[in-house]
Structure formats: C-alpha cells, structure tokens
Amino acid sequence: MAQWTECLQFGIRLAREASQVVLEAFHQQKDVMLKSSPADLVTETDQAVEKLIISSIRDTYPEHRFIGEESVAAGEPVVLTDSPTWIIDPIDGTVNFVHRFPFVAISIAFAVNKQVEFGIVYSCVEDKMYSAQRGGGAFLNGVPLQVSAQKDIHQCVVVTEIGAERDDLSLSTMTSNIYRLLKLPVHGVRAVGTAAVDMCLIATGGADVYYHIGMHCWDIAASTLIVSEAGGVVMDTDGSQFDMMSRKVIAASSAAVANRVSQVVQAFPCPRDDEDPSNHNIPLQNGH
Ligand code: LIP
C-alpha cells in the first residue's frame with residue numbers, strides 16, 4: 001500500500017490545483033459541445049482540465065499511461081494494461097457544470113496490474129475531497145468513511161443516474177427500473193448528476209445503494225475503491241464480479257442490498273469501454 005502513497009498525495013494536490021480552473025469557469029458563460037447525444041455535453045474547460053492533469057502527471061511520472069474521458073472522445077482507445085495507469089474524468093457532472101448545478105467532481109483513479117490502487121474524487125464546489133488507497137480505508141477531507149449498516153432494501157435510499165442515453169430502449173429500461181424499486185418499496189431514489197459523487201455518498205452512509213447502467217470507467221474507477229474501502233460491496237448489475245469496463249455497477253452498504261437490487265434492475269445493451277474505439281470517437285457538434 002505504501003508503495004503508491006507518494007502518487008496518491010501528488011494526485012490529491014493535482015485535483016485541488018485543477019479544481020481552480022473548474023471553479024473559475026463555473027460561473028462564466030460556456031461554449032457547449034455535444035458528444036453521443038443532446039445530453040452528453042463537453043466544454044473547453046473539460047478539455048483544458050484533462051490536459052492540465054495529464055501534462056502534470058507526465059512531467060513527474062513520464063512512464064505512466066492514461067485513460068482520460070476527453071482523450072478517448074478525441075479518438076484514443078481505452079486500453080488498460082499492467083502498467084501504472086491514471087484513469088481521469090476531468091469534470092464528472094458536465095451537465096451540472098454547464099447549468100451551475102453545484103455538484104461537479106474531478107475523478108482520478110490510479111491502477112497497476114489492472115487493479116485500482118487509489119482513488120480520488122474531489123467535489124469542487126462542495127470542497128469535499130474523497131480518497132481511498134487499497135487496504136488503507138476511505139476518507140472525506142481526512143475523516144474516515146464507513147457505509148451504512150443497512151441490509152433491508154425497504155429501508156434504503158437508492159441513488160442512480162439517468163445518463164446521456166435518449167433512445168427508447170435505454171429510457172424505458174431506466175424508468176422501469178426506478179418504478180420497480182419504488183414499488184418494493186424503498187425510502188427514496190436520488191440522482192446528483194455525477195456518478196463519482198453519487199457513489200461517494202454510499203461511502204459516507206448518507207445513501208445505501210447506487211446502481212448505474214451506461215456510465216464509463218472514468219466516471220467510477222476512483223469511487224468504486226472509495227466505496228469498497230468504506231466497507232461497501234461493489235458488483236456488476238447482474239450480480240457477477242465488478243468489471244470497470246462493462247458500464248454496469250452496483251455499489252451498496254451490504255451484499256444483501258446489492259443482491260436485492262441486482263434481482264430488480266435490468267440492463268440495456270451498451271458497448272464496453274474497451275470494445276471498439278469508434279463507439280467513443282464521435283465528432284463534436286455545437287451545443288446550445
Ligand atoms: C456523467 C456521469 C453521470 C451521468 C451523465 C454523465 P460526465 O459523466 O457522471 O452519472 O448521468 O450522463 O455520464 O460526462 O459528466 O463526465
């Protein structure tokens with residue numbers, strides 16, 4: 001664990017430095033571009049923050065590799081090897097950022113031998129630094145985190161996201177999932193607009209289970225480690241072992257709750273992150 005502590009501390013400093021760019025742009029007018037759908041937005045700030053993060057890491061760790069949301073959108077393949085690899089979402093919650101909805105996060109994960117060794121999620125507007133190192137616990141601004149002890153689905157607050165998909169099959173699947181959970185019943189369903197912060201709320205115990213179909217590895221690579229280091233359970237929505245490239249995840253306070261959600265939610269087809277680069281390399285269009 002100690003082997004990567006220096007990298008972790010470097011990553012935390014870098015997330016804070018990059019957040020200054022996000023916060024400076026947060027209240028300004030933004031030029032919005034579209035990626036995969038009218039709800040899949042990107043701005044020059046997303047691109048600038050990713051460039052800042054990658055160039056800073058490259059200057060210090062020139063042999064390390066990268067998977068960055070906006071680099072992939074520009075055509076780079078998603079390739080996770082055994083080499084030290086930084087998995088970066090420069091602004092998780094770009095729709096929130098464009099609308100000044102105050103939940104935007106910088107998500108940075110670090111993997112070696114295809115295993116995430118540490119994760120950092122910095123919720124910039126809230127000034128909440130979530131972090132975890134494999135085997136070292138999870139923290140919010142230095143205070144240890146622990147998931148809720150909830151094992152009864154009927155006592156749960158559920159967090160999920162209606163992502164960027166707007167096709168009928170995805171939307172009907174997502175809305176019927178929410179309908180079935182509400183009819184169990186559960187206490188409530190919430191969506192913050194950033195997968196990374198959604199999952200960190202499970203680690204705080206403030207919500208009990210998160211599920212999502214369609215997100216990407218860069219949205220959740222850091223926060224899945226934060227949940228598991230806070231004592232939570234992470235799995236695929238079909239109940240199998242979590243695979244960060246599958247674009248399906250459940251993160252829960254307990255195995256009982258995770259398995260119950262797995263029995264209720266259905267997935268819609270979406271290509272794996274590491275499948276076909278053409279799925280990501282979508283020409284940018286001017287937004288509104
Ligand atoms: C976002 C996710 C969010 C999802 C959005 C989008 P981005 O990531 O964090 O959970 O609902 O569709 O994928 O694009 O803001 O980095």
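When a ligand or atom number is given, it counts from 1 through the structure's own listing order. It should be emphasised that the depicted structure is a prediction, and the values quoted were computed from it without experimental measurement.
- To the nearest 0.5 Å, atoms OG (Ser262) and CG (Asp238) are separated by 6.5 Å.
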Which pairs of donor and acceptor atoms, one on a side chain in residues 17-29, lie under 3.5 Å apart (sequence neighbours left out)?
unit_1, atom_1, unit_2, atom_2, d
Ser19, OG, Arg16, O, 2.6
Gln28, NE2, Glu24, O, 3.1

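- Within 4.0 Å of ligand 1, protein heavy atoms come from Glu69, Asp89, Ile91, Asp92, Gly93, Thr94, Glu161, Ile162, Gly163, Ala164, Gly193, Thr194, Ala195, His212, Asp219.
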Practice item. Could you go through the ring-ring contact (aromatic ring centres under 6.0 Å, His included) check for Phe66 and Trp218 one step at a time? Key: CA-CA 11 Å; Phe66 303 93; Trp218 44 79; over 10 Å; no

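- Residues Trp4 and Phe10 keep their aromatic ring centres 6.0 Å or farther apart.
- For the side chain to side chain donor-acceptor pair (under 3.5 Å) with Ser170, the lone residue among Thr173, Asp167, Asp168 that qualifies is Asp167.
- Side-chain atoms of Ser56 and Asp59 include no donor-acceptor pair closer than 3.5 Å.
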